[in-house]
Amino acid sequence: MIDGHGDDAYRYGHIRVNFSSNVYTHVNHDSLSGYLFRQMACIRTYPEPEPYTLERELAARYQVSPENVCVTNGATEAIYLIAQAWRGSRSAILMPTFSEYADACRLHAHEVESVFTLDALSGRTSLVWLCNPNNPTGEVRPADRLRRLIEEHPRQLFVIDQSYEAFTLKEVLGVGETAALPNVLLLHSMTKRFAVPGLRLGYLTGHKDLLQKLRRYRMPWSVNALAVEAGTYLLRHASAYQLDLNALLAERQRVAGELEKLGGIEVWPSDTHYMLLRLRGGKASALKEWLADTHGLLIRDASNFEGLDEGFFRIAVQTPEENNQLITAIKEWMYQY
């Protein structure tokens, strides 16, 4: 989905605060920038044909074999690799969720079945796709329930996107436990964890046989040299990038309460720093354009998620001051509407 994605600030050119991407933008990258500047000579030669160095670094972090890790050009490349490797399969996708799962599946001739609860999953599909924490709702499905599903359906491959795992206090599945299972792939995002969306860094973890199959389809040099350097640096300095998650989630709860007080907005429960909202009157697209044009604030029009209507939008909280600007601006728009 090239159009209709979040973080489309490039369309406007005057955005002051970006609430549309599920990235907490207030991360200091001065040390990373300095390090990459000193590594610029690496662009004069080809990178590793496969990002072995970064895969070894991640494997050491999770105490698994490098065979259990596959680094990709963002989590989106991982999604398309899976769809390609299991081309022509039947896939169930738990909705509403990130549209790239369905887009990738349809590109590679999957028969797609949309389901809206875990109870609706059946044994008729070869692959089950779900996002946990889910985008756009922020909901975290219980880890124990997922473990039971995986055990009860050994012939189905569970593709579980955990790109937002760093932004919840709820339990998600672990790399070590799933690396030994033949029917689970976990997706991870350094983009989200370290707020580096421009670098395009994601990775898959899972059983070595599953990842060996995927590596047959990964293009050589899909992860560039600077991205490998950045990823290695970030992992080795991860302690410098610790979020105050309790404070961030408390701020999300505060913002949710303030928006509910306005009376014209429904707020969906969330287990992360972002949340799904619905206007009781008016279109999210109109609110988005007005906020961008009038206040330089960007939200995510969520009406193009399957199962959601034209009133839905999504925000990821930023600083309290910035969040207050958004609340005040939405209130102003609602009174005008």
Side-chain angles (χ1 to χ4, degrees), residues 6-7 18 21-79 81 133 135 161-169 172-176 179 185-206 211 218 221-249 272-274 316-319:
D7 200 10
N18 188 349
S21 171
N22 293 338
V23 173
Y24 181 69
T25 59
H26 295 277
V27 175
N28 187 331
H29 284 312
D30 289 348
S31 59
L32 174 63
S33 298
Y35 174 78
L36 291 180
F37 179 79
R38 296 190 295 274
Q39 305 305 313
M40 286 301 291
C42 75
I43 69 173
R44 298 175 183 170
T45 58
Y46 279 92
E48 300 165 337
E50 296 185 358
Y52 311 112
T53 300
L54 189 50
E55 288 175 350
R56 287 194 296 268
E57 195 75 32
L58 285 161
R61 179 184 180 90
Y62 288 116
Q63 298 183 310
V64 296
S65 167
E67 293 179 304
N68 300 120
V69 182
C70 179
V71 171
T72 56
N73 190 309
T76 299
E77 185 194 16
I79 293 166
L81 280 175
N135 172 25
D161 186 346
Q162 296 190 169
S163 290
Y164 303 103
E165 59 198 333
F167 296 94
T168 185
L169 296 173
V172 296
L173 297 182
V175 169
L185 286 169
L186 298 183
L187 278 66
H188 313 268
S189 173
M190 295 187 73
T191 290
K192 308 303 187 301
R193 167 67 178 83
F194 295 104
V196 287
L199 283 173
R200 311 309 306 133
L201 270 176
Y203 57 99
L204 286 149
T205 58
L211 295 188
R218 183 173 57 179
W221 308 298
S222 71
V223 183
N224 70 74
L226 280 176
V228 170
E229 290 287 352
T232 304
Y233 177 89
L234 289 168
L235 290 174
R236 292 176 180 175
H237 297 83
S239 61
Y241 290 86
Q242 292 299 320
L243 283 170
D244 187 343
L245 186 54
N246 285 302
L248 193 59
L249 295 179
T272 66
H273 67 302
Y274 58 89
V317 298
Q318 302 298 326
T319 68

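FYI, the numbering just counts along the sequence from 1.
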Restricting to side-chain contact (heavy atoms from CB on, under 4.5 Å), what partner residues turn up for L226, sequence neighbours left out? L36, M40, C42, I43, N224

Residues at least two apart in sequence or cross-chain that pass side-chain contact (heavy atoms from CB on, under 4.5 Å) with D30, listed by chain then number, are N28

Does A166 have any side-chain contact (heavy atoms from CB on, under 4.5 Å) partners at least two apart in sequence or in another chain, and if so, which? R193

Within a strict 4.5 Å, meaning less than it, do heavy atoms of the Y24 and T319 side chains meet? yes

How about L245 and H273: do any of their side-chain heavy atoms sit closer than 4.5 Å? no

Side chain to side chain contact (heavy atoms under 4.5 Å, CB included) with F167: of L248, N22, V23, L249, only one passes, and it is L248

Contacts of type side chain to side chain donor-acceptor pair (under 3.5 Å), residue H188, not counting sequence neighbours: E165, T205

Over all heavy atoms of both residues, which pair between L187 and A75 is shortest? Give the atoms and the distance, please. CD2-O, 4.0 Å

So which atom in P133 and which in T168 form the shortest heavy-atom distance, rounded to 0.1 Å? CG-CG2, 3.8 Å

Sort out for me which residue in F37, Y241, F194 forms a ring-ring contact (aromatic ring centres under 6.0 Å, His included) with H29. Y241

Salt bridge (charged side-chain N to carboxylate O under 4.0 Å, His left out) pairs touching residues 60-72, sequence neighbours excluded, are none

Atom CG in L185, atom CG in L81: separation rounded to 0.5 Å? 10.5 Å

Applying side chain to side chain donor-acceptor pair (under 3.5 Å), name anything that partners T25, two or more places apart in sequence or on another chain. Q318

Going by side chain to side chain donor-acceptor pair (under 3.5 Å), name the residues that satisfy it together with S163, two or more places apart in sequence or in a different chain. D161

Quick one: side chain to side chain donor-acceptor pair (under 3.5 Å) partners of S33, sequence neighbours excluded? none

Kindly give the heavy-atom pair with the smallest separation between T72 and V223, and that separation in Å. C-CG2, 3.6 Å

Rounded at 0.5 Å granularity, tell me how far CG in L201 sits from CD in E77. 10.5 Å

Tell me whether Q242 at atom CD has more than 12 heavy atoms from other residues, nucleotides or ligands lying less than 6.0 Å away. yes

Compare all side-chain heavy atoms of L186 with those of V172 and state whether any distance is below 4.5 angstrom. no

Show every side chain to side chain donor-acceptor pair (under 3.5 Å) that has at least one partner inside residues 225-240, sequence neighbours left out. S31-Y233, Y35-E229, E57-R236

Residues L58, V64; criterion side-chain contact (heavy atoms from CB on, under 4.5 Å); working and verdict: CA-CA 9 Å; L58 285 161; V64 296; over 6 Å; no

Side chain proximity check, N68 to V175, heavy atoms < 4.5 angstrom: no

Name each donor-acceptor pair under 3.5 Å that joins a side chain in residues 49-56 to protein atoms two or more places apart or in another chain, with its distance.
from	atom 1	to	atom 2	distance (Å)
E50	OE1	R218	NH2	3.0
T53	OG1	E48	OE2	2.4
E55	OE2	V71	N	3.0
E55	OE2	R218	NH1	2.9

